[in-house]
J.: 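One structure, pasted below without further comment.
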Amino acid sequence: MSALLEIVDLHVAYGKVEAVHGVSLTVDEGSIVTVIGPNGAGKTTLLAAIIGLLPSRGDIVYAGARVNRISVEERVAQRLCLVPERRELFAAMTVADNLELGAFHRHRARDRTLGKTRDEVYQRFPRLAERRAQLAGTLSGGERQMLALGRALMAAPRLLLLDEPSLGLAPLIVKEIFSIIATLRATGVSILLVEQNARAALQIASHGYVLETGTVALAGPSEEISRDVRVAATYLGRAPERSLPS
Amino acid sequence: MRRAVLLVFIAALLAAPAAAPAFWITLLNYVGLYSIVALGLVLLTGVAGQTSFGQAAFVGLGAYTTAYLSLNYPAVSPWLNLVVGMAITGFVALAIGFITLRMKGHYLPLATIAWGISIFYVFGNLDFLGGHTGMSGIASLSVFGWELRSERHIYYLIWLIVMASLWTTNNLLDSRPGRAVRALKGGLEMAEAFGVDAGRLKIVVFIYAALLACISGWLYAHLQRFVNPTPFGINQGIEYLFMAVVGGAGSVWGAVVGATLITLLKQLLQSWLPHLLGREGNFEVVVFGILMILLLQRTRDGVWPWLSRLLPGAAPRAVSAAAALPGRARPHGMAPLLVVERARKEFGGLVAVDELSFEIRGGEILGLIGPNGAGKTTMFNLISGALPLSGGSITLSGRQIGGREPFQIAELGIGRTFQHVKLVAGMSVLDNVALGAYLRGHAGVTRAALRLDRREEARVRAEAAAQIARVGLADSLHATARSLPLGRQRIVEIARALAADPLLLLLDEPAAGLRFLEKEQLAALLRSLREKGMTILLVEHDMDFVMGLTDRLVVMDFGQKLAEGRPADIQRNPVVLEAYLGAV
Amino acid sequence: MDFSIAVLLAQDGVTNGAIYALLSLALVLVFAVTRVIFVPAGEFVTYGTLTLASLQLGKSPGTVGLLVGLAGLAGAMEVYAAARERTWHRLPRRLAIYLLVPLSIAALVHLLAPLTLALPLQILLSVAMVTALGPLLYRVAYQPLAEASVLVLLIVSVAVHLAMLGLGLWYFGAEGSRTPAFTSASYRVGDVQISGQSLLVLLFSLLVIAALYVFFGRTLYGKALRATALNRVGARLVGISPGLAGSLTFTLAASLCAFSGVLIGPITTVYYDSGFLVSLKGFVGAIIGGMSSYPMAAAGAFLVGLLESYSSFWASAFKEVIVFTLIIPVLLWRSLTTHHHEEEE
């Protein structure tokens, strides 16, 4: 497997405060990699820099080329897509319009396989198909997350950046979203998943990084991270000294 | 060193009339008049964040009042006219401010354009004010019987008033109300949480800026001895704002720099451009507009910050010992301090907090925990008053909190911190913490502007310094808030809350983003506060952090109470584990 | 006031209101997509009228020079940006948009001006000419500040307004111009005289509004603009660049303003500095629409037209005072209700 995304010594400032200090990480083509860590560790800032919403120092190499200097829109055109924590849907527009705009650059490039992608998205999320004429702002939390995912899939991404897809969702919906994410890999999409729900994230990811106060505290295959005593105590709620049942 | 620069500046001002040709004196007079108006805008727009395009209308009120009175009642002293003009302006500003300052975002600047134009048309259409032709033959001013007939004479009065306004405005910024004004821009919610009546304070600042404009107008009328509506229209109002922005709306000196730059620039363009281009026209407006665009594209903070860097930094004022501020009467024992009864909050159809009841006993640390989206922060905001209750009641020592504004709740004795740190970034740690003691001082704008607040100010500063020492940040007393790392900024927030001498301390995710060691220090600090009798409510996501620290926990999920009890019991509660630990 | 005067005033009010409505829509559009309060809208209106007036006289309008100058500047900025970001592959397309198209329009207007073509063609040329200024202005003045606060953008707008005002005097002189009516037809309904000109203005405005409605509801680019207005971050994440949205918006807005200029020309004498007051009335309409609702903005503009018409009958000296004071309660109501929404979110 080759690296689709390679980040080397990345520094990102949010406002005047540097929130990410020298992070390096790699996402191999066709893999799911997760970044876990507490609130305020710099996870969202890291994703914002990768997609280009925030300027950064260091290298972001995507599909073999350094992308630091190019705009968000050009990164999207190169099939690098972010599903943000706040979803950022077009609330006063219909589900169908949201999806159509998800493929904005493909429309501009007169991509003929668009219709096929749309059918696939509706197949994957039947609830979106039912609600295609409904305004995005009237959807429930889970449906919004599905629409955000669906909108990103319309761009036919090679690498999907997911920021806290489980945030604020009921456990049952979280389960559904995670199983969908897991199946996406089968279609050849690579995924960088940022999550607070460390347990669920580590279950579907092959590799994990623990981000603490803007630096990588721990990295390795998911099973190793899950076994790490401190991670278990802090993020998995299995403090060994207190031996909680899980 | 800064003082030396100031002295040189004043000496140059004093010497100017003796050395400079009449033309330059005229220009300097205008620079002075504009500076006074721009100074008001520095306070109103640059510091308090309330944009006004309408200041020229207030200048007009000052000018027209004295023009009308001195033509119709020549026996009355122009100085009395000034008082009348200020009374009228103050009243008009109060009325306009009362209506328009509630507006948010871009509505306010648009409203200022609207009333600016309306007042301009009123001047031009009232026959007793001379209509569009205006009024001429206004008397000149006299000071102690000495008539200021020539421009060289009134020059001294103008610049005396400029310096006096700079002094009062600077005093105001470095005071109890000043700290609150500096927090208005971007920190409204925070300011209100410490007892600042933001609505009232905005009106006060608006009136202050209007009065400065009125004084400038009064001087203008007696300098020109003629008024017509033109200089009080919206275009001039726009120019005043330009001056403040170009000069640097964050500092009082920005007003003088901006007024000087723009006046000189316009003069230069007016005299040189026709020569350069070989034809008449108002090209200066074109060049002026283009230069403005370029300037804003290059630097958005104006010229002063850039100039200021050339000067050496002023040494921070030391904190002197002072008598302690009076403290709050504290209830004793473990009686319930805060009682939440069937609290309910709906957003549209969504129920964020659903019939939640719990109480906090005096002297304990209570943790409010739950998974993301469980309604913890909403519950927190109901207690702090940031959100109104949809149902139920919350009482502090038996007094109702529901239905009160945040600044009234602060007065009852609740101090809080914010999940996303809300410090005034450019202000020192000391000033930030002193803002916490806002309700323990009384100095108003007038006392502060005239420096009559120093004794109380010393006590407030001593209290703030003591609280900073208490949380272990004594070494960062004079550092600007933005220069501290996030972990320390959170501690500053705690010191600020403590400076309010609260009965109950509300902490919103204080451990978020902290390193392991910082968390340990924070926990130790909170324990020591509890030992001194402080009651603390902690909203947290980090389970590990609350387990070792709190006396009791309330667990929320889907807006409801899932469990309540000692941390050890909560840890073994299977329902909590299922919901909280995000089982998949 | 008897009935026939009332109807006459209403007719005046509706005609002016229709013109203000186009401006209100332009202002709402620009603000919603770019957060720019489009103060220079008034100058686009006067440029529209005065460009047409120049063409009527068979003169090449002064605005040709501005178009060439702005195109040169925008082209230079694109080359500089491409050099700095090393994105040369984008340059040809950008230069075509920002340099080639405006220069062609300028050349066309300059060459065709002496021929004194038929009125509809002159109108077309004037509108094309002024429309071309829109995206260039966005590129040169606003795009470098796209992330700035609304306040900074507002101040830049005011600066642009001043610069364009001064240039207007230079290009067109201090004398006012009035363009000929599109039609001299007039219809009698009962006691009331209805002018064909008024009907045409109304019809034309309604047509433009309908076209906008289709554009925003049906087309990809229309939807992209709506999306940008609704959620800027979301729009960037699907690949709609703020630069594209901005120049498209300014193109539309400039053409709306140019149309209003063409429509207002036969009604009143337009001077180089008439635009500001006209655009402020469009503002009142836009503000009634909360700077976000198109139908409300258009309705507000008609209200302003009627109010102005009737107040000029009763208290003509205070007509401006009445119109602008009207804003304040509306702003207050808007501000308070908007606040409510923010709280609920």
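So that the names make sense, note that chain A is the first sequence line, chain B the second, and so on, each numbered from 1. In this text the structure is predicted, and so the values were computed from the model without any measurement.
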J.: Going by heavy atoms in the side chains, are L53(A) and L237(C) under 4.5 Å from each other?
T.: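 Heavy-atom side-chain distance check passes, below 4.5 Å.
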J.: What part of A155(A) lies closer than 4.5 angstrom to a heavy atom of chain C: side chain, backbone, both or neither?
T.: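 Neither part.
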J.: CD1 of I70(A) to CZ of R90(C): how many Å apart, nearest 0.5 Å?
T.: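 Result: 8.0 Å between the selected atoms.
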J.: Between H105(A), M93(A), M154(A), which has the largest tally of heavy atom pairs under 4.5 Å with chain C?
T.: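 When all of H105(A), M93(A), M154(A) are compared, M93(A) has the most.
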J.: Quick one: closest heavy-atom pair of G239(C) and F104(A), and the distance?
T.: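 So the two residues come closest at O-CD2, 3.6 Å.
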J.: Are the side chains of V76(A) and V238(C) in contact, using a 4.5 Å heavy-atom criterion?
T.: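 Of all side-chain heavy-atom pairs linking V76(A) with V238(C), none is under 4.5 Å.
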J.: Which atoms of L80(A) come close to chain C, meaning under 4.5 Å heavy atom to heavy atom: side chain ones, backbone ones, both, or neither?
T.: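 Contact with chain C involves no heavy atom of L80(A) at all.
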J.: Compare all side-chain heavy atoms of P242(C) with those of E73(A) and state whether any distance is below 4.5 angstrom.
T.: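 Yes; the side chains approach each other to less than 4.5 Å.
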J.: Heavy atoms under 4.5 Å from chain A: which residues of residues 92-103 of chain C carry them?
T.: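 So the qualifying residues are R93(C).
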J.: Test R236(C) against E88(A) for salt bridge (Lys or Arg N to Asp or Glu O under 4.0 Å), laying out the working first.
T.: CA-CA 10 Å; R236(C) 294 197 72 185; E88(A) 311 289 5; over 6 Å; no
J.: Contact part of R84(C) toward chain A, heavy-atom cut-off under 4.5 Å: side chain, backbone, both or neither?
T.: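 The backbone, not the side chain.
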J.: Counting heavy-atom pairs under 4.5 Å with chain A, which one of L230(C), I240(C), V233(C), L244(C) comes out on top?
T.: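 Going by pairs under 4.5 Å, I would pick I240(C).
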J.: Could you tell me the separation between the OG1 atom of T228(C) and the CG atom of L101(A), rounded to the nearest 0.5 Å?
T.: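 Between atom OG1 of T228(C) and atom CG of L101(A) there are 8.5 Å.
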J.: Looking at side-chain heavy atoms only, is the closest gap between K223(C) and H107(A) below 4.5 Å?
T.: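 Answer no - side chains too far apart.
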J.: Does R86(A) CZ have over 12 foreign heavy atoms under 6.0 Å away?
T.: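 It does not: R86(A) CZ has 12 such atoms or fewer within range.
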J.: Within residues 75-83 of chain C, which residues come under 4.5 Å of chain A, heavy atom to heavy atom?
T.: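 Listed by number: none.
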